2 protein chains.
Amino acid sequence: MHSFTEENYLKTIYYLASRQTGEVSTNALAEMTATKAASVSDMLRKLADKQLIHYKKYQGVRLTEEGERVALQIIRRHRLWEVFLVEKLGFGWDAVHDIAEELEHIRSEELVTRLDTYLGCPQFDPHGDPIPTSAGQMPQTGYQKLSEINTGQRVQLMGVLEHSTEFLQHLDHLDLTLSCSVTVAESNAFDKSLLVQLESGRTVFVSHEVAKNLLVGESQ
Amino acid sequence: MHSFTEENYLKTIYYLASRQTGEVSTNALAEMTATKAASVSDMLRKLADKQLIHYKKYQGVRLTEEGERVALQIIRRHRLWEVFLVEKLGFGWDAVHDIAEELEHIRSEELVTRLDTYLGCPQFDPHGDPIPTSAGQMPQTGYQKLSEINTGQRVQLMGVLEHSTEFLQHLDHLDLTLSCSVTVAESNAFDKSLLVQLESGRTVFVSHEVAKNLLVGESQ
DNA sequence: ATAAAAATTTAGACTAGTCTAAATTTTTAG
DNA sequence: CTAAAAATTTAGACTAGTCTAAATTTTTAT
Ligand SMILES: [Mn+2]
Ligand SMILES: [Mn+2]
Ligand SMILES: [Mn+2]
Ligand SMILES: [Mn+2]
């Protein structure tokens, strides 16, 4: 099948493509995978040979249908394992990503099927990210960033765009957990920071940097 | 830390050493790892450089204390994952070995600790193999081979020495499951085959080849 | 429109792990 | 004790994935 490395490139291409329009650049991939552009170029040629990406030299890449299928399968595994680690083993949501990065490469269709069933076919991972279906579809969510919410509106915290341990621990510190309801009490015009009221009545200060990385949906 | 490949060599050295006296030979390792003797020689030099094995050229190898510690850790992970796959995900005991071969290399101390707790700190894997302790001790079991049991004796099936899918499915077919009690009804002097009586009263024919690979303990 | 800057690819080299073929050491048999 | 056989190691080569430095292409700015 495909090597760990190939799987990781495909996943990264999918991720970068989902956050922009047009082709994904060599440099963006190099930064994301913590390698050099020269190494990325080599790998892109290989992935193109295997028909996993569309690639014209100097023009960036995008996934083929087959490439996207593989990418979504890896993302599905990653997110299912994250659910397992949090729901069954009791890990914190800030501690599971790196372990899932390894578990996602275990090669067994049967394992994924059984794991999914065992977990009750979850729709979202511990960070609110939707879990691709076994048929290879990425469920769409209509969430907005907290930074785009008007003052006075009440919304529910549905996901995060940043997955670093530091960021997630900061949210824990602020008592901002997934699915909690919050009201935007004040918006500071100068630095775009927010004052946000929790259900408990307590208000917390949320910087623009943080608000940009929080996904929210209609309350209730 | 150590690469997958290094971990697999250490595990294999441990396995071969446990089934013989004296040093493990290059050829034995080559056969077991399905590589060539030349490749094994290269790797042995590397493992010796890392102080994981005692190695004198042409004289075979044995694990150092550190090498054994690493080997036991991998075996512990392998067996805990096998318990998970059978007990939690509902896999058959004949289907878990290959998946565990991959899962055993996931690098997280915390993961193993939590998995162990989650599984209720099991002492044995689905094949009756003892699970090394977190302190790095391999529990000793005083089992005998079914092929060494005298006619008329009643014993309990405690483990298997052969882990192939084919062998395990054959046992399923014979209704020989772990912890079932059996009585040796007849022993055939010519081919050493046995007639064995199950608790149900039914008798099954067990070839010497099969009996050699079944571990039994005192009944009850 | 062109020159400088930025992005990308190519060239050549390195490591881990593997192989075949050849050389060396140990073991076995006579 | 010696010669053949068996086991093991060494030599040289290959692949996947990576790197640095150099070459090439594209983009940007005057
Ligand atoms: Mn993750
Ligand atoms: Mn996640
Ligand atoms: Mn096994
Ligand atoms: Mn086992």
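Because the structure is predicted, anything quoted here is derived from the model rather than measured.
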Over all strands shown, is B/Thr5 touching base, sugar-phosphate only, or nothing at heavy-atom distances under 4.0 angstrom?
sugar-phosphate
Here the gap from B/Met43 atom CE to B/Tyr55 atom OH, rounded to the nearest 0.5 Å, amounts to 12.5 Å
5'-most contact on DNA chain D (nearest-nucleotide basis), A/Lys57 vs A/Glu6, goes to A/Glu6
The first and last nucleotides of DNA chain C lying within contact of chain A, meaning any atom under 4.0 Å from one of its heavy atoms, run from C/dA7 to C/dT10
_Lys/Arg cation over aromatic A/Tyr9: A/Lys46, 6.0 Å, 45° cone_ = no
Sorted by chain and number, sequence neighbours left out, side-chain contact (heavy atoms from CB on, under 4.5 Å) with B/Glu68 holds for B/Tyr14, B/Leu63, B/Leu72
- Task: Verify whether one side chain among B/His173 and B/Gln169 offers a donor that lies under 3.5 Å from an acceptor in the other.
- Result: no
Angle between ring planes, B/His127 versus B/His163, binned at 30° and 60°: parallel, tilted or perpendicular? perpendicular
**Asked** Ignoring hydrogens and geometry, is there a side-chain-to-backbone donor-acceptor pair from B/Ser25 to B/Gly60 under 3.5 Å?
**Response** no
request  = Please say whether more than 12 non-hydrogen atoms of neighbouring residues, nucleotides or ligands are located less than 6.0 Å from NZ in B/Lys36.
outcome  = no
query = Checking all strands, does A/Tyr9 fall into the base, sugar-phosphate, or nothing category for heavy-atom contacts under 4.0 angstrom?
reply = sugar-phosphate
Here the pair of heavy atoms bringing B/Ala30 nearest to B/Ala37 is CB-N, 3.7 Å
Per the under-4.0 Å heavy-atom filter, residues of residues 15-23 of chain A near DNA chain D come out as none
Contact check, residues 28-39 of chain A vs DNA chain D, heavy-atom distance under 4.0 Å, returns A/Thr35, A/Lys36, A/Ala38, A/Ser39
Distance-only polar pair, side chains of A/Ser193 and A/Asp191, donor-acceptor under 3.5 Å: yes
Across all chains, not counting sequence neighbours, the side chain to side chain donor-acceptor pair (under 3.5 Å) partners of A/Glu102 are none
| query | Regarding A/Glu162 and A/Ser164, is there a side-chain donor-to-acceptor distance under 3.5 Å anywhere? | reply | yes
Here DNA chain D, pairs taken as Watson-Crick or G-U under 3.5 Å and shown with ( ), [ ] when crossing and | when to another strand, reads ||||||||||||||||||||||||||||||
**OP:** Give me the ring orientation class for B/Phe4 and A/Phe4: parallel if the planes are under 30° apart, tilted from 30 to 60°, perpendicular past 60°.
**Re:** perpendicular
In terms of heavy-atom contacts, A/Leu16 and A/Met32 come closest through CD2-SD, 4.1 Å
